[in-house]
Amino acid sequence: MMSAVMENAIEVTGLRTHYGQREILKGISIAIPRGKTSVILGGSGCGKSTLLKHLIGLLRPTAGKIAINGRDIAAMDEEELNRVRRKMGMLFQGAALLNSLTVAENVALPIREHARLNESTVMIMVRMKLDLVGLSGFENFYPSQLSGGMKKRAGLARAIALDPELLFFDEPSAGLDPVTAAGLDDLILKLRNVFGITIVVVTHELPSVFTIADYVIMLDAGEVIFSGILDDLRNSQNERVRMFLERRPETKTYSPDDYFRFIVGD
Ligand SMILES: Nc1ncnc2c1ncn2[C@@H]1O[C@H](COP(=O)(O)OP(=O)(O)OP(=O)(O)O)[C@@H](O)[C@H]1O
Ligand SMILES: [Mg+2]
């Protein structure tokens with residue numbers, strides 16, 4: 001029997017994880033809607049990258065379920081997990097291109113690894129992906145000959161080389177100028193609109209959030225403090241959500257006495 005397409009591509013329940021003795025994710029439950037762009041927000045060190053690594057099966061949780069298309073990857077062996085991973089693309093922070101390979105060879109890497117195709121077919125696929133990200137003509141360039149934004153695009157071409165169902169980005173616009181970052185946002189929108197890919201983006205950039213997000217998840221110290229659509233985010237009364245949106249630093253108010261003690265000591 002054919003199962004109906006599930007509304008959520010990913011469902012995480014009670015996810016806990018530790019680095020040594022420190023609990024980093026403290027029982028997270030989230031749902032990632034299919035065919036939409038979900039953005040994961042939160043301050044530095046709150047566990048965003050750690051969560052992303054669990055979603056792609058790079059890390060195993062201490063407890064909890066991570067269901068991709070209804071099947072728990074936390075309980076899978078490596079072989080099964082690799083089959084699921086084939087449906088996923090990931091753009092790591094810094095693009096992670098291999099410097100000794102040309103742009104075309106970098107993009108061809110996952111294709112060669114996962115599919116047995118003749119050379120001309122591989123090159124047609126590579127050209128299509130490079131064209132999609134606006135890098136036609138740069139096939140034979142090496143990563144060191146590209147700008148930061150072009151590296152991100154090349155990394156994206158590689159991430160979508162195998163036509164993934166699910167695409168993950170960790171801080172795609174970090175270190176890019178606003179115009180280049182906006183170009184990358186357009187590309188993310190295009191991938192969702194044209195190909196219906198389910199996209200998960202970790203980002204700090206608020207302009208980007210309001211451009212690309214259909215759905216927002218906000219973490220704070222390893223816990224979910226918000227999940228919902230943009231309108232609900234804008235109207236949230238949660239103090240920590242408001243602080244983040246209004247870019248308010250975590251301030252403690254000091255009295256003159258505090259300053260005095262600070263300078264002179266108790
Ligand atoms: N491999 C590791 N070993 C030990 N602790 C780690 C490891 N990776 C991350 N951590 C810790 O886990 C916490 C969450 O890290 P994570 O990288 O998920 O944060 P983040 O939300 O992505 O932060 P940023 O916005 O700065 O990228 C941090 O306190 C970090 O010090
Ligand atoms: Mg991170």
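Start at 1 and go down the list; that is how both ligands and their atoms are numbered.
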Side-chain donor or acceptor of [X] paired with backbone N/O of [Y] under 3.5 Å:
X: T198; Y: G35; answer: yes
X: E223; Y: D220; answer: no
X: S147; Y: M150; answer: yes
X: R16; Y: P61; answer: no
X: N8; Y: E11; answer: no
X: D131; Y: S136; answer: no

* Asked: Looking just at side-chain N and O atoms, do T102 and N140 make a donor-acceptor pair shorter than 3.5 Å?
  ->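 Side-chain D/A pair, T102 to N140: absent.
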* Are side-chain N/O atoms of S236 and N238 paired as donor and acceptor at under 3.5 Å? ->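 The answer is no; no qualifying pair exists.
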* To do: Let me know which protein residues bring a heavy atom to under 4.0 Å of ligand 1; chain then number is fine for ordering.
  =>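 Y19, R22, I24, G43, S44, G45, C46, G47, K48, S49, T50, E171, H204.
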* Give the C-alpha distance, both sets of side-chain angles, the deciding distance and a yes or no for side-chain contact (heavy atoms from CB on, under 4.5 Å) between R60 and L81. => CA-CA 11 Å; R60 300 265 183 182; L81 189 55; 3.7 Å; yes
* Around the Mg ion (ligand 2), how many protein N, O or S atoms are closer than 2.8 Å? ->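 Of the protein's nitrogen, oxygen and sulfur atoms, 1 lie under 2.8 Å from the Mg ion (ligand 2).
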